[in-house]
Amino acid sequence: MKKKYIINLILIGTLVLACKTKEKQKEKSSKWKVDFLDNFDSFNSDNWQDQRIWVNNETHCYVPDGEFGTREVSKGTLKLKVVKLDKKYDCDNLDKHGKKHPETKYVAGRIASKNKKEFIKGKWTARLKLGSNGEPSMFPAWWILGAQNNESPVQEDNESICWPLTGSGEIDIFEHHGDHQKDHFTAGAIKSLEECDKGDWWSLRKGFDVTLNEYHEYSVEWEGSDLVYRVDNKEIYRNVGQGDNYPEPMFAILNFAKITDSPMKDSEWVMEVDWVKHEYK
């Protein structure tokens, strides 16, 4: 009898241990693992390249290599800027149809991880802030785009899909439009209307209040078939069932644009980025 009792105790102990081991393995597999992190101790050309393109009728010109101070890495952060010049600049940016940007007094910085760091699904996060609470014409953004996008720079044979078709889909993690209101941003996916250059900007997006000139972590992650948006790790919004519409590798974009003709009060606008990372499970 005593022997049987001991055997039963051993069996129960083995089952409990097996259950705990399984729970730990499940817990471990559900945790995010970092496969890309840029702390911006320097500008790493293995991670980023300038992206020079004219979109959205923006009134600035994207310039390369941080010209005019539009891109700066110092004291452990990336600064992307819109800079007001004293005289008009002959801009060589082209739109997606080959039309040249007119001369402008405004220059800006935009970087992309295209053909550098591209990932399928997972979780993208950036810790960033603006230099102010918002002004008219400000249009800074943190977003991801399908890696087969056919816009400049085109460097691979498969970069032949027009926005926003599958392969060239867009997900906006943080976008501030200063003409609308201060301390506010929008997040959400762009719904493809299954034609080139035809996207529904509003039905899957939502606006949120936040203190723009304080650091926050802005992220999007795939959770099953959903896209989940977070600020400082707290869920703020969810595109239910939309995640499967973005099966392609995607790259990250950080840019500061000037979207309207409203004049700049200051000589420069700044978006400061502490770090960017991608995670997977």
Side-chain angles (χ1 to χ4, degrees), residues 43 45 47-72 78 80-118 137-172 175-179 190 192-201 248-264 268-269 271:
F43 184 78
S45 58
N47 296 339
W48 308 97
Q49 61 176 317
D50 291 315
Q51 188 173 35
R52 304 175 62 216
I53 185 172
W54 181 24
V55 293
N56 303 322
N57 290 316
E58 293 165 352
T59 59
H60 62 276
C61 182
Y62 286 121
V63 294
D65 304 319
E67 285 184 347
F68 305 105
T70 53
R71 187 192 80 211
E72 173 190 334
L78 166 74
L80 292 175
K81 305 176 185 179
V82 178
V83 177
K84 180 171 64 175
L85 304 178
D86 294 330
K87 59 182 181 179
K88 287 188 176 181
Y89 177 79
D90 184 16
C91 182
D92 62 357
N93 292 181
L94 303 177
D95 72 7
K96 59 184 70 178
H97 306 294
K99 183 180 178 182
K100 186 174 180 289
H101 194 293
E103 291 185 341
T104 176
K105 291 175 66 176
Y106 306 103
V107 290
R110 170 171 169 152
I111 62 172
S113 68
K114 187 176 185 181
N115 294 319
K116 307 283 187 175
K117 302 296 179 181
E118 299 173 344
S137 194
M138 278 187 172
F139 199 46
W142 152 236
W143 51 297
I144 54 178
L145 188 63
Q148 293 176 275
N149 175 261
N150 65 353
E151 299 168 10
S152 178
V154 175
Q155 298 159 320
E156 302 289 344
D157 291 339
N158 68 347
E159 294 171 9
S160 58
I161 299 178
C162 59
W163 177 93
L165 302 184
T166 300
S168 187
E170 177 177 342
I171 300 172
D172 295 336
E175 187 176 87
H176 167 67
H177 198 312
D179 288 288
I190 305 299
S192 174
L193 300 180
E194 305 304 329
E195 291 184 50
C196 287
D197 302 327
K198 297 286 181 69
D200 173 358
W201 286 81
E248 68 265 36
M250 303 188 81
F251 62 89
I253 300 174
L254 289 158
N255 67 282
F256 206 143
K258 188 178 183 301
I259 190 68
T260 63
D261 291 325
S262 297
M264 288 177 64
E268 65 179 34
W269 295 333
M271 176 169 70

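Given the structure is predicted, the values throughout are model-derived calculations rather than measurements. FYI, the numbering just counts along the sequence from 1.
In this structure Lys96 satisfies the side chain to side chain donor-acceptor pair (under 3.5 Å) test together with Glu151, Asp197, sequence neighbours excluded. Shown here are the side chain to side chain donor-acceptor pair (under 3.5 Å) partners of Trp54, two or more places apart in sequence or in another chain: there are none. The side chain to side chain donor-acceptor pair (under 3.5 Å) test applied to Asp50 returns Arg71, not counting sequence neighbours. By the side chain to side chain donor-acceptor pair (under 3.5 Å) test, Asp92 is found to be paired with Arg52, residues two or more places apart in sequence or in another chain being considered. Taking Glu195 as the reference, Lys198 meet the side-chain contact (heavy atoms from CB on, under 4.5 Å) condition, with sequence neighbours excluded. Residues passing the salt bridge (charged side-chain N to carboxylate O under 4.0 Å, His left out) test with Glu118: none are found, sequence neighbours excluded. Asp86 is linked by a salt bridge (charged side-chain N to carboxylate O under 4.0 Å, His left out) to nothing, counting only residues two or more places apart in sequence or in another chain. The salt bridge (charged side-chain N to carboxylate O under 4.0 Å, His left out) test applied to Glu72 returns Lys81, not counting sequence neighbours. With sequence neighbours left out, Ser152 forms a side-chain contact (heavy atoms from CB on, under 4.5 Å) with no residue at all. Residues passing the salt bridge (charged side-chain N to carboxylate O under 4.0 Å, His left out) test with Glu175, sequence neighbours excluded: Arg205.
When every heavy atom of Phe256 is checked against every heavy atom of Val82, the shortest pair comes out as O-CG2, 3.4 Å. Across all non-hydrogen atoms, the minimal contact from Cys91 to Pro102 is CB-O, 3.9 Å. Contact record, Ser113 with Phe251: OG-CB, 3.4 Å, taken as the closest heavy-atom pair. The two atoms that bring Ser168 and Asn149 nearest to each other are OG-ND2, 2.8 Å, heavy atoms only. Contact between Pro164 and Gly199 at its shortest, heavy atoms only, is CG-CA, 4.0 Å. Across every non-hydrogen atom of Trp269 and Met264, the tightest pair is CZ2-CG, 3.3 Å.
A distance of 10.0 Å separates CG in Asp200 from OG in Ser192, rounded to the nearest 0.5 Å.
Counted by atom type alone, Asn56 and Glu58 present one or more donor-acceptor pairs between their side chains at under 3.5 Å.
Annotation: side chain of Glu159 is in contact with side chain of Lys114 (closest heavy-atom distance under 4.5 Å). Looking only at side-chain heavy atoms (C-beta outward), Val63 and Val83 stay at 4.5 Å or farther from each other. At least one side-chain heavy atom of Arg110 sits less than 4.5 Å from a side-chain heavy atom of Ile53.
Here the side chain of Glu248 pairs a donor or acceptor atom with the backbone of Gly169 at under 3.5 angstrom. Looking at Thr70, its side chain does come within 3.5 Å of a backbone N or O of Glu67 through a donor-acceptor pair. Judged by distance alone, with hydrogens and angles left aside, the side-chain atoms of Lys116 form a donor-acceptor pair with the main-chain N or O of Ser45 at under 3.5 Å.
Legend: side chain to side chain donor-acceptor pair (under 3.5 Å) pairs involving residues 97-106, not counting sequence neighbours, sorted by first then second residue: Asp90-Lys100.
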For residues 137-148, which side-chain N or O atoms pair as donor and acceptor with protein atoms under 3.5 Å away, sequence neighbours left out?
unit_1, atom_1, unit_2, atom_2, d
Ser137, OG, Lys258, NZ, 3.3
Ser137, OG, Ile259, N, 3.4
Ser137, OG, Thr260, N, 3.0
Ser137, OG, Thr260, O, 2.9
Ser137, OG, Thr260, OG1, 3.2
Trp142, NE1, Tyr218, O, 3.1
Trp143, NE1, Asn255, OD1, 2.8

